[in-house]
Amino acid sequence: MTKLHDSPQQQVHDQGVDEVLTALSSSSGGLSAAEAKARAAQYGANALPQAPGPSLFYRFFKHFHDTLIYVLLFAAAVTTLLGHWLDTASDLPAVVVINAIIGFIQEGKAEQALAGIRQMLSVHANVCRDGQWQQLPANELVPGDIVKLRSGDRVPADLYVLETTELRVEESARTGESMPVSKQTAPVAAHVRPWAIAVV
C-alpha cells in the first residue's frame, strides 16, 4: 500500500497501481530516507491538526465560575456589610483562592496523564524505507510511502491498495458500517470522493 498524495491536483484513486507509483514518484521498494525527510518537510506530519488548548490564565480563573464560589463570594460581601472584617479577610477569600489553586493543579496533572496515555496509544506503521521494512510512528508517514498492514493493525493513513489477500477493514467509526468492508486493488471511479475509499 502507498500513502496517498494530499494535493487535490494529484488524486490517484481512479488510477492503476503503476500509475499511482509513477504519480507519487515511488516504487515497490518504498522511498529513500532522504526523500521521506524532504517530503515530511514539504507536507508536514501525518496527523490531524489539534486546536490550541486554553491559556493558563483561563484555566485558573475558570475555577471561579462555580455556583458554590458565587455563594462564598456573596457570603463575603454580606460579612463585609455586617462589619465582620476578620471573617471577610481570612476565611472566605482564602477558601475561594485555595479551591481555585487545587483545581488548577489537579487539572494540570490530569492533562499530563492524558498526554502520556495518548503517547502510549500512538499508532505505528510498518513502512518500507530504503528497501528495508521498519516500524515508524504513523505521524512520520509521507505521500509515496509503502505501508504493510497485518491482521489487527490500525490503518495509519489514507492508503491506496497495491496488493491484498482478503483485506477487510472495520470502518464503523468513520462510515457507520457495522460489518468489515472488503478492499481491493481495482481503481475507483474518478467522480468518487477520495476520502470515501482511500482508507484501506
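The closest side-chain heavy-atom distance from Val169 to Val155 is below 4.5 Å. Residues Leu81 and Val78 form no side-chain contact, since every pair of their non-hydrogen atoms from C-beta on lies 4.5 Å or further apart. Proximity of Glu163 to Ser28: side-chain heavy atoms (C-beta onward) are nowhere separated by under 4.5 Å. Two residues are said to be in side-chain contact when any heavy atoms from C-beta on lie closer than 4.5 Å; Ser26 and Ile146 meet this criterion.
Under the rule for a side-chain hydrogen bond (donor to acceptor under 3.5 Å, both in side chains), Ser27 has no partner lying at least two apart in sequence or in another chain. Annotation: side chain to side chain contact (heavy atoms under 4.5 Å, CB included) contacts of Thr80 (sequence neighbours excluded): Trp85, Thr88.
Heavy atoms only, all atoms of each residue included: Val142 and Ala36 are closest at CG1-O, 3.6 Å. Across Val147 and Pro156, no two heavy atoms sit closer than the pair CG1-CG, 4.1 Å. Nearest heavy-atom pair across Ser25 and Leu31 is O-CD2, 3.9 Å.
Taken to the nearest 0.5 Å, the CZ atom of Arg154 stands 11.0 Å off from the CD atom of Glu170. Atoms CG and OG, on Leu167 and Ser182 in that order, are 8.0 Å from each other to the nearest 0.5 Å. The line from CG of Asp158 to CG of Asn46 is 8.0 Å long, rounded to the nearest 0.5 Å. To the nearest 0.5 Å, the span separating CG on Asn99 from CZ on Phe104 amounts to 13.5 Å. Of the inter-residue distances, the one linking Leu24 atom CG with Arg39 atom CZ reads 7.0 Å to the nearest 0.5 angstrom.
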For residues 126-133, run the donor-acceptor check on the side chains, cut-off 3.5 Å, and write out each pair with its distance to 0.1 Å, sequence neighbours left out.
from	atom 1	to	atom 2	distance (Å)
Arg129	NE	Asp145	OD1	2.9
Arg129	NH2	Glu140	O	3.2
Arg129	NH2	Asp145	OD2	2.8
Asp130	OD1	Ala33	N	3.2
Asp130	OD2	Ala33	N	3.3

Name each donor-acceptor pair under 3.5 Å that joins a side chain in residues 64-74 to protein atoms two or more places apart or in another chain, with its distance.
from	atom 1	to	atom 2	distance (Å)
His65	ND1	Tyr70	OH	2.5
Asp66	OD2	Leu68	N	2.9

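Under the salt bridge (charged side-chain N to carboxylate O under 4.0 Å, His left out) criterion, no residue pair touches residues 75-84, with sequence neighbours excluded. Counting only residues at least two apart or on different chains, the side-chain hydrogen bond (donor to acceptor under 3.5 Å, both in side chains) pairs with a member in residues 52-63 are Lys62-Glu107, His63-Glu107.
Under the 4.5 Å side-chain contact rule for hydrophobic residues, Val181 and Leu159 do not share a cluster. In terms of hydrophobic clustering, with Ile, Leu, Val, Met, Phe, Trp and Tyr side chains grouped at heavy-atom distances under 4.5 Å, Ile102 and Phe60 are assigned to different clusters. One hydrophobic cluster, built from ILVMFWY side chains closer than 4.5 Å, cannot hold both Phe61 and Ile98; they sit in different ones.
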